[in-house]
Structure formats: structure tokens, C-alpha cells
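Each chain gets a letter, A, B and so on, in the order its sequence line appears, and its residues count up from 1.
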Amino acid sequence: MKCGSYRLIKKSFQCKARLGRVYTARGVIDTPVFMPVGTQGTVKGVATEYLKSSGAQIILANSYHLYLRPGTEIIKKAGGIQKFNSWNKPMLTDSGGFQIFSLNDIRKLSEEGAEFRSHIDGSAHFFSPESSMRIQKDIGADIIMCFDECTPYPAEYKYAKESMELSLRWAKRCKTEFYKDNAFETQALFGIIQGSVYDDLRKQSALEMTDMDFTGYAIGGVSVGEPKEEKEKVIEIVEPLLPENKARYLMGVGMPEDLWEGVERGIDMFDCVIPTRNGRNGQVFTSRGKLNIRNAEFREDFSPLDPECNCPACKGYSKAYLNHLVRAQESLYLSLLSLHNIYFMVNLMSKIRKSLENDTFLEAKKEFFDKYYKRQS
RNA sequence: GGGGGUGUGGCAGAGUGGUCUAAUGCACCAGACUGUAAAUCUGGCGGGCUUGCCCUUCGGUGGUUCAAAUCCAUCCGCCCCCA
């Protein structure tokens with residue numbers, strides 16, 4: 001089976017949701033799937049063995065960050081990123097395209113690529129579609145992404161159009177570079193659809209990207225500050241234009257509610273820093289909504305974070321204790337809360353897949369939302 | 001016994017006649033975070049309401065002054081040095 005290929009197992013009769021599988025040399029991924037983000041080759045605060053225990057199937061890493069440190073040579077020598085961090089399972093790397101957005105102040109964009117001033121030491125580093133491909137090949141992720149510009153939000157139509165078209169031209173260059181050798185036997189290249197919140201731009205991007213025939217397709221340029229409705233509309237515009245036999249990946253999403261909305265609209269893959277970042281900031285996701293464990297109401301709450309969760313934090317510790325760890329700035333909470341949130345997202349996706357098997361997706365979604373928002377209302 | 005210093009909001013600590021409900025930090029109370037420059041950032045933190053004002057605060061009391069955390073007197077507490 002070609003790396004990164006998608007097999008559709010079942011389509012929901014209720015909505016666009018799909019149950020499927022993505023094949024890679026390092027394992028099969030059941031979709032819909034949530035992919036934890038490990039920018040620097042590590043999911044922040046979570047030891048690999050715990051990450052495995054969560055049931056996570058694939059994790060991300062970032063080209064820009066790993067290229068700067070430790071450098072691709074070391075990762076190559078280590079035998080690839082999966083061996084380097086001892087994950088030994090499927091990984092996906094982002095191309096550096098998101099850094100064009102997030103490191104806006106320390107980069108210069110041109111037709112050729114993007115020059116970054118290293119956030120570590122200020123040195124200049126030029127990223128092009130070609131160099132991004134080489135970096136990602138060296139890092140050795142199973143799925144790699146086209147180098148694109150993650151269009152900021154809000155963006156004027158003119159800017160969004162030029163940005164989207166630039167990403168299209170870059171995608172062509174990525175493809176050429178990627179297929180120069182036989183890397184595609186062990187790696188897959190996904191294209192990224194841009195176009196901000198403009199329907200015609202999204203359609204044009206989707207059409208031209210699919211013409212280029214990538215192994216999978218991502219929707220990028222979302223979750224950059226736009227309202228929830230805009231994000232959902234983007235999926236609705238793009239999804240019908242994507243081939244059924246390829247994976248669809250919604251980049252940078254998201255919150256638990258976003259995962260339901262995304263799956264319902266036909267998305268197979270998600271990634272997000274939310275579980276780890278929010279965990280480090282004390283925010284915890286539970287079946288009864290999100291809460292901030294730092295808050296006073298948990299000082300003497302000796303129950304677990306989520307009675308439905310079987311993660312180490314929930315199995316071993318009370319809210320009161322976790323509250324104490326956060327207040328005392330004890331580093332253990334970083335790990336425990338990040339891990340809990342990853343368990344939550346991974347379990348949520350597993351629940352979603354099960355509901356698709358049973359043809360009860362919409363019922364499961366309603367049940368989830370009723371419970372999840374009860375606390376907040 | 002002699003000499004010197006000091007007392008400020010939960011804590012530490014600025015301020016030494018009006019611009020002081022009083023800097024700053026911590027603590028405390030909340031909120032945000034979406035392909036990670038984030039264990040970060042933002043707001044609040046005396047009381048009242050008509051949200052602009054009013055009332056009450058800088059150890060106690062009493063003064064000086066148009067005006068006092070700030071000056072004076074006195075009392076109380078604490079600290080240091082010498083005996």
C-alpha cells in the first residue's frame with residue numbers, strides 16, 4: 001500500500017463523516033484521527049511511553065524548529081525522527097508554512113520562499129519549497145506537507161488571492177522536488193488548500209491542488225482567529241471538491257467541538273497544540289466541559305478531573321492535588337494535565353469512530369455537546 | 001540606662017505636603033490560548049452606587065495647614081548599636 005494512501009471504510013448516512021484508514025510504513029491510522037503536536041520532536045511535557053498509552057496513533061513535528069535545532073543531520077544520523085524520539089510510529093511534519101504566519105515579524109516573504117531570522121539566535125535561514133522538501137525528507141516523517149503560506153486572518157481579498165496563488169506555485173515546486181527521488185515510497189506528500197474565507201479562492205485552490213494529484217489534502221489557513229462559522233463554511237466549500245479516496249486533513253484544529261464539526265463535514269485528520277498548551281496553562285478538557293484546575297473551586301475537590309477518563313492524572317490524582325501542583329508550580333502538573341488533555345482528544349476521536357461504526361454519529365454528537373456544555377450554562 | 005532607626009493595602013516594598021486608593025513584585029480572583037518564539041498572556045484585586053462620582057484607608061490619638069501616608073506632639077509596637 002502506497003504511503004499515505006487512504007481507504008474509505010464507511011460513509012455516514014447522516015452527514016459527510018467518514019470512517020477510514022491511512023496507511024504508512026510505520027503503521028495504519030484509523031480515521032478520523034487527532035494528532036498531538038510535538039513541534040520540537042517531543043509532545044511538550046509528555047514522555048513517549050505515556051503518549052503511547054493514550055492511544056495516539058500519529059504525532060506532528062515541525063521542520064522549521066527541527067532544522068534550526070538540533071539540525072537535520074543529527075536526526076538523519078539518529079535514523080529519522082521516529083527513532084530519534086523513540087516514538088517509532090507514524091509522524092507528520094509541517095513544512096514551516098505556519099511559521100510564515102506565526103513568525104510574521106521575523107521573516108521576509110518572496111516568490112522564491114521565506115527568509116526567517118532564527119528566533120533562537122537571529123541568524124538568517126532561507127526556506128523554499130525545495131529546501132522544505134529536503135528538510136522534511138531528512139527528518140523522515142511518514143507524511144510531509146507542502147511548503148505554503150498560512151494566510152493570516154483577516155486578509156483582504158487581494159492579499160488572500162495572491163497568497164493562495166503563491167501557495168499553489170509553491171505546491172508545484174514541492175511536488176517536483178519531492179518526486180525527484182524515491183522518497184515517496186516511504187513518505188507521502190500532502191497538498192494544502194488556502195484561500196482564506198473567500199469561497200471562490202478556496203474553490204480555485206481546491207481545484208488546482210487536486211489537479212496536481214497529491215497523496216492527501218489539507219485545509220490550511222484556518223484557526224488563525226476567524227469565527228467558528230467561517231471555519232466550518234470553509235470546510236463545506238472545499239470538501240465536495242476533494243477526492244473521496246484521499247485523506248482530508250484540517251490543519252491546526254482544534255477544540256473538542258471543532259473536532260465534531262470537522263468530522264461531520266468530512267474531515268479525517270486533525271492536529272492541534274491545544275491539549276498540551278492549554279494543559280500547561282491549567283485548562284483541562286472533560287466530558288462535562290472545560291475547566292481551569294487552578295481555580296479556587298477545586299482547592300478541596302478530591303474527585304478526579306473526569307470520572308470517564310482513564311489517564312494517569314485521573315487514575316492517580318484528585319483535582320485538589322492537581323490544583324495544588326499548579327499553584328505550587330510543581331513541574332509534574334505540566335505533564336499530567338497535558339497528558340490528560342491528549343487522552344481526552346484521543347478518546348473523543350475513538351468515540352467518534354465508534355459512533356460512525358454504529359451509525360449513531362449525530363446522536364453521539366448531541367449527547368457529547370449536551371453534557372459538555374451543561375456545566376457552562 | 002544612653003544613642004539611633006522604624007512602623008504603608010494579605011506579604012514584601014516604593015512614596016516623605018496637593019498630581020495618593022497609594023508604584024512595583026508576590027499572593028489572591030478570573031479570563032484567553034486552535035499546522036507551538038507560550039509552564040504564556042490579559043484583566044481584576046478597600047466599600048458603595050446613578051460607573052462617574054462619593055465614602056473609608058498608610059500603627060493609635062491629638063494638632064498644624066486651604067490641603068497630611070508625608071510636618072508637629074504624644075502614646076503604642078518593633079529593630080540596631082553602646083553600656
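Atom name P, nucleotides B:U61 and B:C76: the rounded distance is 15 Å, in whole Å. Separating the P atom of B:U51 from that of B:G15 is a span of 38 Å, rounded to the nearest Å. For the P atom pair drawn from B:A68 and B:C20, the interatomic distance equals 15 Å after rounding to whole Å. Rounded to a whole angstrom, the distance from the C1' atom of B:C41 to that of B:U34 is 16 Å. Across the C1' atoms, B:C80 and B:C45 are found 36 Å apart, a figure rounded to whole Å. The C1' atoms of B:U16 and B:U8 are separated by 12 Å, rounded to the nearest whole Å. Annotation: B:A69 and B:U19 have their P atoms spaced 9 Å apart (nearest Å). Nucleotides B:G46 and B:U40, compared at atom C1', are 31 Å apart to the nearest Å.
Per the geometry, CG belonging to A:Leu189 stands 15 Å off C1' belonging to B:G35, to the nearest Å. Distance CD1 (A:Ile293) to P (B:A32): 15 Å, rounded to an integer number of Å. A:Phe98 places its CZ atom 11 Å from the C1' atom of B:A37, with the value rounded to the nearest Å. Atom P of nucleotide B:U36 and atom CG of A:Asn104 are separated by 16 Å, given to the nearest angstrom. Summarising the geometry, the separation between CG on A:Asp105 and P on B:A38 is reported as 14 Å, rounded to the nearest angstrom. In this structure, A:Ile100 atom CD1 and B:U36 atom C1' are separated by 16 Å, rounded to whole Å. For the pair A:Glu257 CD and B:U34 P, the interatomic distance rounds to 13 Å; values are reported in whole Å. For A:Gln99 and B:A38, the CD to C1' distance is 14 Å, given to the nearest whole Å.
Put simply, NZ on A:Lys315 and SG on A:Cys309 are 8.0 Å apart, with the number rounded to the nearest 0.5 Å. Here the straight-line distance linking atom CG of A:Leu103 with atom CZ of A:Arg117 works out to 10.5 Å at 0.5 Å rounding. Rounding to the nearest 0.5 Å gives a distance of 12.0 Å between CD of A:Gln136 and CD1 of A:Ile81. Distance SG/A:Cys150 to CD1/A:Ile192: 8.5 Å, rounded to 0.5 Å. Note that CG of A:Leu201 and CD1 of A:Ile193 are 13.0 Å apart. Values are rounded to the nearest 0.5 Å.
The nearest pair of heavy atoms linking A:Ser318 to A:Phe302 is CB-O, 3.3 Å.
Base pairing of B:U56: no nucleotide in any strand meets the Watson-Crick or G-U wobble criterion (both distances under 3.5 Å). Judged by Watson-Crick or G-U wobble contacts below 3.5 Å, the nucleotide B:C71 has B:G63 as its partner. Nucleotide B:A37: unpaired (no Watson-Crick or G-U wobble partner with both distances less than 3.5 Å). Nucleotide B:G77 is matched to B:U6 when pairs are restricted to Watson-Crick or G-U wobble geometry with both distances under 3.5 angstrom.
OP1 and OP2 of B:G35 both lie 4.0 Å or more from every side-chain N or O belonging to A:Ser102.
Between A:Phe214 and A:Tyr217, the ring planes are perpendicular. Angles over 60° get that label, and only those under 30° would be called parallel. Classification of the A:Phe127-A:Phe116 ring pair by plane angle, with boundaries at 30° and 60°, yields perpendicular. A parallel orientation is assigned to the rings of A:Tyr317 and A:Tyr321, their planes being inclined by less than 30° (bins at 30° and 60°).
Taking only side-chain atoms of A:Lys44, from C-beta outward, the nucleotide of B:A38, B:C28, B:C33 with the closest atom is B:A38. Distances from the side chain of A:His119 to the nucleotides B:C28, B:A32, B:A37 place B:A37 closest.
Taking the six-membered ring where the residue is Trp, the centroids of A:His119 and A:His125 are separated by 6.0 Å or more. When ring centroids are compared, A:Tyr64 and A:Tyr67 stay outside the 6.0 Å threshold.
The one candidate from A:Arg173, A:Lys137, A:Lys175 that meets the salt bridge (charged side-chain N to carboxylate O under 4.0 Å, His left out) condition with A:Glu130 is A:Arg173. Partner of A:Cys311 under the side-chain contact (heavy atoms from CB on, under 4.5 Å) criterion, out of A:Tyr50, A:Tyr343, A:Phe344: A:Tyr343 alone.
Around atom NZ of A:Lys11, no more than 12 heavy atoms belonging to other residues, nucleotides or ligands sit under 6.0 Å away. Counting heavy-atom neighbours within 6.0 Å of A:Glu363 CD, excluding the residue itself, gives a total above 12. The 12-atom threshold is exceeded at CD of A:Glu111, counting heavy atoms of other residues, nucleotides or ligands nearer than 6.0 Å.
Residue A:Leu250 is out of contact with every strand shown, counting any heavy-atom pair closer than 4.0 Å. Counting any heavy atom pair closer than 4.0 Å across all strands shown, A:Asn295 reaches sugar-phosphate atoms only and no base atom. If you check every strand for non-hydrogen atoms under 4.0 Å, A:Ile192 touches a base. The residue A:Arg117 sits apart from the nucleic acid: no heavy atom pair falls under 4.0 Å.
Proximity of residues 262-285 of chain A to RNA chain B (heavy atom under 4.0 angstrom from any strand atom) is restricted to A:Asp271, A:Cys272, A:Val273, A:Ile274, A:Thr276, A:Arg277, A:Asn278, A:Arg280, A:Asn281, A:Gln283. Across residues 128-153 of chain A, A:Asp148, A:Cys150 each have a non-hydrogen atom less than 4.0 Å from an atom of RNA chain B (numbered order). Residues of residues 323-335 of chain A having a heavy atom closer than 4.0 Å to RNA chain B, listed by number: A:Arg327, A:Gln329, A:Tyr333, A:Leu334. The stretch residues 55-71 of chain A touches RNA chain B through A:Leu60, A:Asn62, A:His65, each having a heavy atom under 4.0 angstrom from the strand. Non-hydrogen atoms lying under 4.0 Å from RNA chain B are contributed by A:Gly221, A:Ser223, A:Lys231, all within residues 199-232 of chain A.
Salt bridge A:Lys233/A:Glu230: present, at least one basic N to carboxylate O contact under 4.0 Å.
Remark: A:Lys365 is positioned above the aromatic ring of A:Phe369, its terminal NZ or CZ atom under 6.0 angstrom from the ring centre and at most 45 degrees off the axis.
Counting only residues at least two apart or in different chains, salt bridge (charged side-chain N to carboxylate O under 4.0 Å, His left out) contacts with residues 317-335 of chain A comprise A:Asp301-A:Lys319.
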